[in-house]
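Here's the structure, in structure tokens; my notes come after.
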Amino acid sequence: MRASRLYAPTLKETPSDAEVVSHQLLTRGGYIRKLTAGVYDYLPLAHRVLRNIEEIIRQELNRAGAQELLMPTVQPAEIWEESGRWQKYGPELLRLKDRKGSDFCLGPTHEEVIVDLVRRDVRSWRQLPINLYQIQGKFRDEIRPRAGLMRGREFIMKDAYSFDVNEEGALQSYDAMYKAYQRIFTRCGLDFRPVEADTGSIGGSRSHEFQVLAESGEDAIVSCDSCEFAANVEQAELVIRGESLSSSPEMKVLTKVHTPNQKSIEAISSALDVDKKSCVKTLVMIADDQAVMVLVRGDHEVNDIKVKKLLDAQEIRMATEEEIKELGLVSGFIGPYQASNQAQKATWLVDQALKGKVNLVVGANELDYHFSGVSLERDCPQLDRYADVRLAEAGDACPRCRGELRAFKGIEVGHVFYLGTKYTKAMKCNILDENGQETPIVMGCYGIGVTRVMAAAIEQNHDQDGIVWPVSLAPFKLHILTLQSNKEDVVSCAEGFYNEALDMGIDVLYDDRDLRAGGKFKDADLIGIPFRIAIGGRGLKEGVVEVKKRSEKTVYKVPTTQVMQVIAQELAGQNALNSFTE
RNA sequence: CGGGGUGUGGCGCAGUCUGGUAGCGCACCUGUUUUGGGUACAGGUGGUCGGAGGUUCGAAUCCUCUCGCCCCGACCA
């Protein structure tokens with residue numbers, strides 16, 4: 001491809017609405033343009049990257065025995081009503097009507113469609129296992145699209161669905177996909193970690209996320225530094241650290257203290273000069289319209305997903321200011337001791353880290369007052385439901401080996417779920433097993449955010465000047481620049497290499513534009529192609545051109561006669577540049 | 001949805017407080033110049049100032065409504 005013809009308008013300045021690096025660089029490099037919030041055009045460069053990612057996915061999934069197909073984007077409401085998700089999915093599901101007034105939606109995921117497909121055609125256990133996947137545009141009407149491609153409303157996703165006779169088979173399918181994912185993300189040049197995860201609205205019981213480690217990630221994950229354990233903080237189960245307190249701490253007297261306007265744990269702990277660990281946060285949550293009081297240590301964070309699971313609730317949220325008042329509570333001064341009658345009737349959950357703790361500070365349920373010297377078992381004997389309800393954090397003990405957990409930020413690029421029979425039961429997708437018994441098929445489902453992989457790769461591979469693509473994803477592998485476009489020997493040399501590269505089947509971008517060297521270098525760094533050949537009059541006098549890897553600073557002077565061979569070797573993964581000078 | 005911010009040629013911004021008929025840089029076009037890290041000079045194209053309504057002799061600027069976009073958002077009890 002000649003740069004003079006390439007549709008890749010680069011920008012000198014960063015667009016003001018781009019916050020994260022991947023969004024900035026993709027926009028500046030002429031890879032993407034925004035159409036509207038969370039919806040983007042993928043220009044030729046981006047399209048090439050996406051095709052590279054898709055190709056890696058195809059190769060690995062096909063190798064794992066999956067088959068590609070393509071399902072519709074527009075889906076009828078009926079199948080969503082069958083699965084129960086027409087009601088449950090919420091406003092994220094973009095719904096529309098056809099001219100007759102029938103309900104449809106834009107597919108955010110395809111469990112319903114694929115189950116409908118499979119139940120028509122599959123009758124016997126002999127036809128299983130089956131694993132089907134597609135690579136397709138998805139639409140989810142996110143509350144708040146953000147960070148460019150990282151959380152868009154329309155995005156490209158690979159979704160796969162496995163169908164097995166029984167749980168054992170399904171777990172084998174799950175395992176095969178898990179391994180395929182590891183190969184896929186490795187080949188994409190990503191630094192990632194598979195982590196245990198919550199199953200979310202897709203449902204199911206066993207699940208791993210594939211998280212790309214990056215500061216800009218939205219997900220918080222913890223991983224053990226002494227074993228393989230890694231999990232999303234929402235999921236990570238916690239164990240009580242055997243903190244050796246002084247064997248029987250003296251229990252202080254319960255005292256009411258004046259704490260004017262001190263509503264936060266921060267304020268209380270500094271005003272009363274007590275450790276945050278000795279304060280108690282009492283949160284009011286609403287689980288399926290029922291009030292729930294949750295107690296955690298002052299320095300801990302509540303994990304609403306754990307609370308939701310514990311109560312077997314469909315929905316969980318924090319109470320509003322009004323709801324708190326209705327319960328007869330005073331926001332900022334809530335506590336378990338002498339709470340209002342209405343509040344007493346609510347469900348109370350206490351984080352296990354508070355079990356047996358003494359001399360705590362809690363809200364007094366009265367404006368501007370707290371109680372200190374509270375010992376839960378002595379003063380609040382009614383609290384009897386202790387459980388793990390908080391978020392994991394760095395320093396917590398590993399639930400497997402008791403090692404120490406470290407915290408990371410991650411970008412979720414892939415997710416694998418063991419689904420079980422959730423959808424096949426609801427939609428009557430049955431087979432006859434070996435014994436002639438009718439039984440629901442056991443499913444798994446597996447997603448990869450293709451567009452998000454592209455963004456994540458940039459979050460992990462960039463410098464001040466632009467993108468540094470892993471070779472496997474790069475839109476072109478080789479970038480040839482002429483440093484002076486008016487010198488005949490320079491141009492003819494470049495044309496020669498360009499044609500040679502084309503003959504060799506190398507994806508090559510040839511910057512033949514009538515630009516000064518500076519501009520070409522800037523664009524080359526921005527776009528991020530792994531290998532660059534710069535041809536200038538100075539070098540040609542010595543019979544050399546300059547070869548540089550985007551990922552390294554070093555510029556190598558390579559004789560013109562050897563350049564293409566060296567490039568070919570480097571692209572094949574051999575070190576051929578090291579023997580040249582500079 | 002709640003909170004905050006913002007909307008002025010393709011991009012980045014000034015002008016808005018204090019009303020007087022739109023400006024700068026980049027990009028783009030023409031010419032000359034320059035040619036190894038975004039050359040220099042000259043000339044030029046392009047804007048219903050997000051939209052609607054209002055106040056006024058006069059509105060980018062003041063008022064009302066509305067739309068888009070960006071950021072933050074359980075709590076920190």
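Throughout, a chain's letter reflects where its sequence line sits, starting with A, and its residues are numbered from 1. Values in this document were obtained by computation on a predicted structure and should not be read as measured data.
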Sticking with atom [atom1], work out how far [N] lies from [M], rounded to a whole angstrom.
| N | M | atom1 | value |
| --- | --- | --- | --- |
| B/rU56 | B/rU61 | C1' | 13 Å |
| B/rG12 | B/rG50 | P | 14 Å |
| B/rU18 | B/rC28 | C1' | 37 Å |
| B/rG9 | B/rG46 | P | 15 Å |
| B/rC62 | B/rC49 | P | 15 Å |
| B/rA59 | B/rA52 | C1' | 15 Å |
| B/rU55 | B/rC63 | C1' | 7 Å |
| B/rG25 | B/rA40 | P | 13 Å |

Strictly by Watson-Crick or wobble contacts shorter than 3.5 Å, is anything paired with [N], and which nucleotide is it?
| N | answer |
| --- | --- |
| B/rU30 | B/rA42 |
| B/rU61 | none |
| B/rU35 | none |
| B/rU6 | B/rG68 |
| B/rG25 | B/rC11 |

Write down the distance between [atom1] ([X]) and [atom2] ([N]), rounded to a whole number of angstrom.
| X | N | atom1 | atom2 | value |
| --- | --- | --- | --- | --- |
| A/Leu515 | B/rC28 | CG | C1' | 13 Å |
| A/Arg532 | B/rG37 | CZ | P | 11 Å |
| A/Leu11 | B/rG12 | CG | P | 8 Å |
| A/Arg538 | B/rG37 | CZ | C1' | 11 Å |
| A/Glu92 | B/rC1 | CD | C1' | 14 Å |
| A/Phe521 | B/rU35 | CZ | C1' | 12 Å |
| A/Glu546 | B/rG37 | CD | P | 11 Å |
| A/Arg151 | B/rG73 | CZ | P | 12 Å |

Hey, what do you get for [atom1] ([X]) to [atom2] ([Y]), rounding to the nearest 0.5 Å?
| X | Y | atom1 | atom2 | answer |
| --- | --- | --- | --- | --- |
| A/Arg532 | A/Leu478 | CZ | CG | 11.5 Å |
| A/Met564 | A/Ile480 | CE | CD1 | 6.0 Å |
| A/Met150 | A/Glu19 | CE | CD | 11.5 Å |
| A/Arg28 | A/Asp523 | CZ | CG | 9.0 Å |

Check: Do the side chains of A/Asp103 and A/Lys97 get nearer than 4.5 Å, heavy atoms only?
Finding: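 Result yes, sub-4.5 Å side-chain heavy-atom pair found.
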Check: Is any side-chain heavy atom of A/Glu92 closer than 4.5 Å to a side-chain heavy atom of A/Pro108?
Finding: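 They are not in side-chain contact.
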Margin query: Check A/Arg33 with A/Asp41, please: is the shortest side-chain N to carboxylate O separation under 4.0 Å?
Written below: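 Between A/Arg33 and A/Asp41 there is no salt bridge, as every charged N stays at least 4.0 Å from the carboxylate O atoms.
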Check: Any sub-3.5 Å donor-acceptor pair from A/Gln211's side-chain atoms to A/Ile411's backbone N or O?
Finding: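 The answer is yes, because a donor-acceptor pair under 3.5 Å joins these two groups.
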Sugar-phosphate, base or nothing in reach of [X], heavy atoms under 4.0 Å:
| X | value |
| --- | --- |
| A/Gly536 | base |
| A/Gly519 | base |
| A/Gly539 | base |

Next item on the list: Could you say whether A/His370 or A/Gln484 is positioned toward the 5' end of RNA chain B, judged by the nucleotide with the nearest heavy atom to each?
Entry: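 It is A/Gln484 whose nearest nucleotide is closer to the 5' end.
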Item checked: Of A/Thr10 and A/His300, the one whose closest RNA chain B nucleotide lies more 5' ->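 Closer to the 5' end of RNA chain B: A/Thr10.
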Sort me out a list of protein N/O and nucleotides 67-71 of chain B N/O pairs below 3.5 Å, or just none if empty.
unit_1, atom_1, unit_2, atom_2, d
B/rC69, OP1, A/Thr36, OG1, 2.7
B/rC69, OP1, A/Ala37, N, 3.1
B/rC69, O3', A/Lys34, NZ, 3.0
B/rC71, OP1, A/Ala147, N, 3.3

Notebook entry, point to check: Judged by modelled atom types alone, do A/Glu459 and A/Ser22 share a side-chain donor-acceptor pair under 3.5 Å?
Noted result: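 Judged by distance alone, the side chains do pair up.
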Check: B/rC1, B/rG38, B/rC75: which one has an atom nearest the side-chain heavy atoms of A/Lys281?
Finding: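 Looking only at side-chain atoms, A/Lys281 lies closest to B/rC75.
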Enumerate the protein-to-nucleotides 24-27 of chain B contacts in which both atoms are nitrogen or oxygen and the separation is below 3.5 Å.
unit_1, atom_1, unit_2, atom_2, d
B/rG25, N2, A/Glu13, OE1, 3.1
B/rC26, O3', A/Lys12, NZ, 3.4
B/rA27, OP1, A/Lys12, NZ, 3.2

Margin query: Taking the ring of A/Phe580 and the ring of A/Tyr556, is the distance between their centroids below 6.0 Å?
Written below: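 When the ring centroids of A/Tyr556 and A/Phe580 are compared, they turn out to be at least 6.0 Å apart.
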Margin query: Go through it in stages, so that I can follow the logic: the residues are A/Val361 and A/Val280, the test is side-chain contact (heavy atoms from CB on, under 4.5 Å), and I'd like the CA-CA distance, side-chain angles, deciding distance and then a yes or no.
Written below: CA-CA 6 Å; A/Val361 176; A/Val280 175; over 6 Å; no
Check: At under 4.0 Å, does any side-chain N or O of A/Arg516 touch on OP1 or OP2 of B/rU39?
Finding: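 Indeed, a polar side-chain atom of A/Arg516 lies that close.
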